[in-house]
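Here's the structure we're looking at; comments come further down.
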Amino acid sequence: MSRVAKQLIIISLSVLFIGTQSFLFGANTTITETENEIYEAFSEIDQLVACIETDNTATYNQLLTTNSKLIENVSASAAMAMNAVTDTQTPFISAFLWGCIFNIPGMLIVGITTGFDSYHMKKSAWGCLISSLLWGGSGYFFSL
């Protein structure tokens, strides 16, 4: 019986490591897509900056009074990106506990309820990893 238990632990840890690598690979592509979206968002502002730099007398207020197309989607008020309200919700219980108690299905539940928010997915992944290590370690310890 202990040989079967050891083989199951080895298989489950192998699946965990492969799953973690594929999860991290997916996170890397998401970061690249987000960077591209940021650069595309600043392309409109680049035209406005170039116009103001070439014409030393042009100001934002003058362009605003002439209804220039350069300032169509530009606001003069400052807003911090970190204060933006997101429409993702927190899971019913802690994302860490979802991952710790229910493992991979718990991570899926966290992903669905939070819109696959990276912060909550990382917390549930840590919970999944810790519970896997605890169950695997205790299984190995009691099989001796």
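What you are looking at is a predicted structure, and each value in this text was computed from that prediction instead of being measured. Along the sequence shown, residues carry numbers from 1.
- For Tyr119, the OH atom sits in a loose shell: 12 or fewer heavy atoms of surrounding residues, nucleotides or ligands are nearer than 6.0 Å.
- To the nearest 0.5 Å, atoms CD1 (Ile109) and OG1 (Thr114) are separated by 11.5 Å.
- Here the CE atom belonging to Met121 is positioned 7.5 Å from the CG atom belonging to Leu108, to the nearest 0.5 angstrom.
- Note that NE2 of His120 is 9.0 Å distant from OG of Ser94, once rounded to the nearest 0.5 Å.
- Counting only heavy atoms from C-beta outward, the side chains of Met107 and Trp98 never approach each other to under 4.5 Å.
- Partners of Phe96 according to the ring pair (Phe, Tyr, Trp, His ring centres under 6.0 Å) rule, which considers only residues two or more places apart in sequence or in another chain, do not exist here.
- Annotation: the span from Ile130 atom CD1 to Trp135 atom CH2 amounts to 15.0 Å, rounded to 0.5 Å.
- Note that the OG atom of Ser12 and the CD atom of Gln7 stand 12.0 Å from one another [nearest 0.5 Å].
- Rounded to the nearest 0.5 angstrom, Ser124 OG and Ile101 CD1 are separated by 12.5 Å.
- Here the closest heavy-atom approach between residue Cys100 and residue Ser131 is recorded as O-CB, 3.1 Å.
- Taking both residues in full, the closest heavy atoms of Gly136 and Ile9 are given as O-CD1, 3.6 Å, listed atom of the first, atom of the second, then distance.
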